[in-house]
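Worksheet: the structure to be examined is printed underneath.
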Amino acid sequence: MEYDVSAIIRGYAQGYFLMADENNHLGWYESRERTLIPLDEKFRYPKSLQRVLNQERFTVAINRDFPGVVAGCANRDITWISPELEKIYWLLYKSGYAYSFETWSGDQLAGGILGIVIGGAFIGESMFFNISEGSKVAMVKLVARLRERKFLLFDAQMMNPHLSRFGAYNISNSEYHLLLKQALQSPCYLI
């Protein structure tokens, strides 16, 4: 099956995101509320994580093992990442839009965050860990990278208890569209 990268990116740029349902049917979705990870002083993380960061147990890489991060994100009992969506992520990666932000413990992939970059927006698709704290360290290091690179928006799509520990918050769909429009005008680069 052929996919139109520019049409897919247009969909994300209009505030939609791709998900597969329980029957692996892929569709575009939009929610009434959007969850954002703050890129300012409202970003926070558990104190216990500071100890892990101080120990420097993990190194960080971008796109060192993109397929491994996609597989890690898809490897759960209930997943929205179908085989078809995995192919789309690979195509977006090859086209320079999809990225894996990874933590490593030696030669072992510890965790990672899968996301799509359009302008100054990082649209987080999923995250996972193989080693305890791997995805949390990835989150802290990714936020630092997005700040350093002057990104305006870190979209986490939907709230969960894990994200709330980092200061994630919800905004209305209309607020999200305004921020997204601003972010799309800002040329930012993760690498």
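Bear in mind that the values here come from a model prediction, so they are computed numbers and not experimental data. Keep in mind that the numbers below use all heavy atoms, side chains included, and drop hydrogens, waters and symmetry copies.
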For the pair T35 (side chain) and M159 (backbone), establish whether a donor and an acceptor sit closer than 3.5 Å, ignoring hydrogens and angles.
yes
Sole candidate of M19, E22, E125 that passes side-chain contact (heavy atoms from CB on, under 4.5 Å) when paired with W80
M19
Not counting sequence neighbours, list each pair that qualifies as a side chain to side chain donor-acceptor pair (under 3.5 Å) and has a residue in residues 141-151.
none
Restricting to non-hydrogen atoms, name the atom on A110 and the atom on S105 that form the minimum distance, rounded to 0.1 Å.
CB-N, 4.2 Å
Between V52 and Y45, is a side-chain contact (heavy atoms from CB on, under 4.5 Å) present by the stated rule, with each step listed?
CA-CA 12 Å; V52 175; Y45 50 88; over 6 Å; no
Sub-4.5 Å side-chain heavy-atom contact between N24 and P83:
yes
If you measure from the Lys or Arg side-chain nitrogens to the Asp or Glu carboxylate oxygens, is any gap between E133 and K136 under 4.0 Å?
yes
Should the heavy atoms of other residues, nucleotides or ligands under 6.0 Å from CG of N23 be counted, would the total exceed 12?
yes
Quick one: do F166 and L153 end up in the same hydrophobic cluster if we chain Ile, Leu, Val, Met, Phe, Trp and Tyr together by side-chain heavy atoms under 4.5 Å apart?
no
Measure from the ring center of Y93 to the ring center of F66 and say whether it is less than 6.0 Å.
yes
Quick one: are D155 and R34 in side-chain contact, heavy atoms under 4.5 Å?
yes
For F17 and I123: C-alpha separation, side-chain torsions, deciding distance, then whether side-chain contact (heavy atoms from CB on, under 4.5 Å) applies.
CA-CA 9 Å; F17 53 92; I123 302 165; 5.6 Å; no
I62 vs S100 side-chain heavy atoms within contact, under 4.5 Å
no
Tell me if the OH atom of Y169 is crowded by more than 12 foreign heavy atoms within 6.0 Å.
yes
Are L179 and L152 packed together at the side-chain level, in the sense that at least one heavy-atom pair is separated by less than 4.5 angstrom?
no
Flag, side chain of E102 to backbone of V69, donor-acceptor distance under 3.5 Å
no
Can a donor-acceptor pair be found, under 3.5 Å and without considering hydrogens, that links the side chain of N160 to the backbone of H162?
yes
W28 side chain near Y12 side chain, heavy-atom distance below 4.5 Å
yes
Atom CD of E56 with >12 non-hydrogen neighbours under 6.0 angstrom:
no
Between N173 and E33 (side chain of the first, backbone of the second, donor and acceptor by atom type, cut-off under 3.5 Å), is there such a pair?
no
For the backbone of L26 and the side chain of E84, can you confirm whether one donor and one acceptor N or O come within less than 3.5 Å of each other?
no
Side-chain heavy atoms under 4.5 angstrom apart, residues restricted to Ile, Leu, Val, Met, Phe, Trp, Tyr: same cluster for L39 and L184?
no
Without hydrogens or angle criteria, can the side chains of Q182 and H177 be said to hold a donor-acceptor pair below 3.5 Å?
no
V70 versus W90: any side-chain heavy-atom pair under 4.5 Å?
no
Has N63 got a side-chain atom pairing as donor or acceptor with Y99's backbone, closer than 3.5 angstrom?
no
Determine, using the 4.5 Å side-chain heavy-atom cutoff (strictly less than), whether V117 and F101 are members of one ILVMFWY cluster.
yes
Quick one: does F128's side chain get under 4.5 Å of N75's, heavy atoms only?
no
Flag yes if more than 12 heavy atoms outside F43 fall under 6.0 Å of its CZ atom; otherwise flag no.
yes
Sub-4.5 Å side-chain heavy-atom contact between T103 and I131:
no
Examine distances only and state if a side-chain atom of S95 and a backbone atom of L92 form a donor-acceptor pair shorter than 3.5 Å.
no
Test of understanding: with side-chain hydrogen bond (donor to acceptor under 3.5 Å, both in side chains), list the residues that count as partners of S174, not counting sequence neighbours.
S172
